[in-house]
Amino acid sequence: MHILLAASAFNSLTQRVHAELRERGHSVAVELALPGTRLADAVARHRPDLVLAPMLKTAIPPEVFTAHTCLVVHPGPVGDRGPSSLDRAVGDGATRWAVTVLQAEAEMDAGDVWASVECPLPPVAKSDAYRGEIADAALAAAVLAVDRFASGTFTPRPQYTGRSRPAMRQEHRRIDWQRDATDTVVRTLRAADSRPGVLDDLLGGRWYLHGGHPEDGLRGRPGELLATRAGAVCRATADGAVWIPELRAVRTPGQPAPVKLPAALALGDLLPDLPDLPAPAWADTGAHAAGRRTWADISYREEGAAGFLSFSFPGGAMGTDHCRRLLAAYREACTRPTSVLVLGGSRDFFSNGIHLGVIEAAADPAAESWANIHAMNDLVEAVLTTTDRLVVAALGGNAAAGGAMLALAADEVWCRSGAVLNPHYRLMGLHGSEYWTYTLPRRTGSAAAKRLTEEALPVGAEAARRLGLVDRTIDCTPQAFADETARLAVRLANWPATHSRIAGKKARREVDEQLRPLAAYREAELARMAEAFDDPAAPYHALRRAFVRKEPPEATPEHLACRVPGRRVPAAPRRADVTAPAEQNRAAGTDGC
């Protein structure tokens, strides 16, 4: 079939549905519901067999749903209606949820049911769950609905009851720092992550708070800031404290939309003199904590001969500081007596590359771009030149641009079955670095590498495995990925052939170095990057600005149109020979590249 995806943004779920439907042999086009455009005109141009809306914030007009079967993916169970369904579920502490595929009609979310799939809802941020368990259920429900439609024999089930709840606004998300306990504050913050954030007063200003992690070792006067760590700030609650990684200033009328930034950076000179607390040594955080609740974005632990260097940066974006701290942790991990080192392994994003938000907010974006790409390259080079152990990149979630290339520097890439890869830079007007001209063709061959970087389309985990981007796909829930990765890594470390593989690494690296030194790849890539960074008129600067400030494109990007013989497909206008970025998740505000 020819399927048209109608979406408000080419976000993580839309990308995943796009990749899966193409895998199943369908031709798939995307039309973005943008201000000033008419969906009816776009549908008429595409002439699809089916319209599917994985993430659509606006209603499908009657002239479309009366002429075509239009299926809408709703992140809630049957009968639950409204735009803030998942926000409320996370805020209420629900442990089970569902995704329902409905037929579009006049009343929002009230159409006949084509499919509904339940899923667990762990205590994580809304955006994390959306890209994880919710996306798994949404994909299963969407594929089931598409198959049912294709059969021509399925009759969707009417909804006889339901409750429509209004959108959650900031008055519903307020935090009472004097009275609210840590668990309440964390749920409130997580339910607003990463959009719209929680509007609050802080240090005499109005800010949107993004992200929330419990801290039970610090105490202070409720509402006051207690400490910083890795760019985050710790704020006291009525019975403890929370770590808040990011802040976004309130928009000033007539000014560009503010950029979401690491909290300490956003506050700048407003930040009082606070202790900067180092992260706990080894893995005293997260799922492996021994009764302690605190937060760190980088942690290390060991199981037998396997080491695990985990990291989790908001939106997958890695600024200069993130890269340098992760490199220091990587070098420290390489001093340990392990034969296998797993890089990543957490749920949600692996990495999306350089931090476009920090770059945009810098006094000199070109200089910060240059510093960030060098720091990213230093990290990738360290992985490429590790010859005394096997390095595994474990992708529990999506990876894009330089983050995807970071993964390819490892000896093996393990990927959760629900992850999506975007191994390209073109949509940000960049040539790219991170030694991709060495690692990508080495894995996929030159022809496939050229196609991947020029087509700039998302790749699902299974397709990535067939292409050679991924060595192993792991079919598990996001919550189970860390444990499953640990089991496989320990087994790899104990496998007798592993030591012979390690022995051969140094020789292979020496041969490759003789053929063309890594420094030559880096120099050539950076020369192309410098052209974009240093030229104020280069498309990179306008594309970066539009991306981080959430400016919608003028039209659906051309690379998302699928030309099918016999059908008229719209040709979207292009600006400066590059298109708008394929977003991992607009709501999540991913600022990586």
Side-chain angles (χ1 to χ4, degrees), residues 1-8 10-11 13-33 39-81 98-119 134-160 162 418 458 460 462-463 556 560-569:
M1 292 191 301
H2 182 51
I3 301 173
L4 176 63
L5 301 183
S8 295
F10 196 50
N11 73 334
L13 179 56
T14 308
Q15 289 183 42
R16 190 168 170 192
V17 172
H18 184 279
E20 180 64 27
L21 292 179
R22 285 189 294 124
E23 277 280 287
R24 292 172 173 266
H26 301 289
S27 65
V28 186
V30 178
E31 190 67 34
L32 300 184
L39 185 59
D41 294 341
V43 173
R45 292 195 300 268
H46 283 280
R47 296 170 53 202
D49 300 307
L50 175 67
V51 177
L52 177 63
M55 193 283 287
L56 189 62
K57 297 179 181 179
T58 57
I60 296 177
E63 59 267 33
V64 175
F65 67 68
T66 55
H68 300 267
T69 299
C70 300
L71 304 182
V72 177
V73 177
H74 173 66
V78 175
D80 183 276
R81 303 170 189 173
V99 176
T100 305
V101 178
L102 312 159
Q103 188 155 339
E105 62 172 42
E107 185 181 351
M108 291 283 286
D109 304 330
D112 293 351
V113 176
W114 281 81
S116 187
V117 175
E118 289 190 353
C119 64
I134 296 297
D136 287 354
L139 183 69
V143 167
L144 179 58
V146 168
D147 289 347
R148 285 172 170 173
F149 174 79
S151 73
T153 62
F154 180 77
T155 301
R157 185 175 76 253
Q159 292 189 67
Y160 295 108
E462 189 55 35
T556 299
L560 299 180
C562 176
R563 291 174 173 79
V564 179
R567 299 181 187 269
R568 274 193 318 125
V569 179

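This is a predicted model, so every value here is computed, not measured.
- Across every non-hydrogen atom of Val101 and Ala142, the tightest pair is CG2-N, 3.8 Å.
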I'd like to know whether Met1 forms a side-chain contact (heavy atoms from CB on, under 4.5 Å) with Leu21, so could you lay out the CA-CA distance, the side-chain angles of the two residues, the decisive distance to 0.1 Å, and finally the verdict.
CA-CA 10 Å; Met1 292 191 301; Leu21 292 179; over 6 Å; no

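- Using cut-offs of 30° and 60° on the angle between ring planes, the pair Phe154 and Trp114 is tilted.
- With hydrogens and angles disregarded, a donor-acceptor distance shorter than 3.5 Å links the side chain of Asp49 to the backbone of His2.
- The two atoms that bring Arg16 and Gly418 nearest to each other are NH2-CA, 3.2 Å, heavy atoms only.
- Thr14 places no side-chain N or O within donor-acceptor distance of the main-chain N or O of Pro54, the cut-off being under 3.5 Å.
- A distance of 7.5 Å separates CZ of Phe149 from CG of Leu71, quoted to the nearest 0.5 Å.
- Between Val64 and Leu39 the shortest heavy-atom distance is CG2-C, 4.3 Å.
- Asp112 and Pro158 get closest at one heavy-atom pair: OD1-CA, 3.3 Å.
- In this structure, the side chains of Glu105 and Val72 stay at 4.5 Å or more apart for every pair of heavy atoms.
- Across Ala19 and Pro458, no two heavy atoms sit closer than the pair CB-O, 4.1 Å.
- At most 12 non-hydrogen atoms from other residues, nucleotides or ligands lie less than 6.0 angstrom from CD of Glu118.
- His26 is listed as a side-chain neighbour of Val146, based on a closest heavy-atom distance under 4.5 Å.
- Going from atom CG of Leu50 over to atom SG of Cys70 covers 8.0 Å, rounded to the nearest 0.5 Å.
- A distance of 12.0 Å separates CD of Glu23 from NE2 of His18, quoted to the nearest 0.5 Å.
- Checked by atom type and distance alone, the side chain of His46 never pairs as donor or acceptor with a backbone atom of Val51 at under 3.5 Å.
- Once rounded to the nearest 0.5 Å, the distance linking CD of Gln15 with CG of Leu560 reads 9.0 Å.
- Taking each heavy atom of Val43 and Leu4 in turn, the nearest pair found is CG2-CD2, 3.8 Å.
- Contact check for Leu56 versus Ser8: side-chain heavy atoms found under the 4.5 Å cut-off.
- Residues Leu102 and Gln159 are in side-chain contact: their nearest non-hydrogen atoms beyond the backbone lie under 4.5 Å apart.
- You'll find the side chain of Cys119 stays beyond 4.5 Å of the side chain of Asp136, heavy atoms only.
- Side chain of Thr100 to backbone of Gly76: a donor-acceptor contact under 3.5 angstrom is found.
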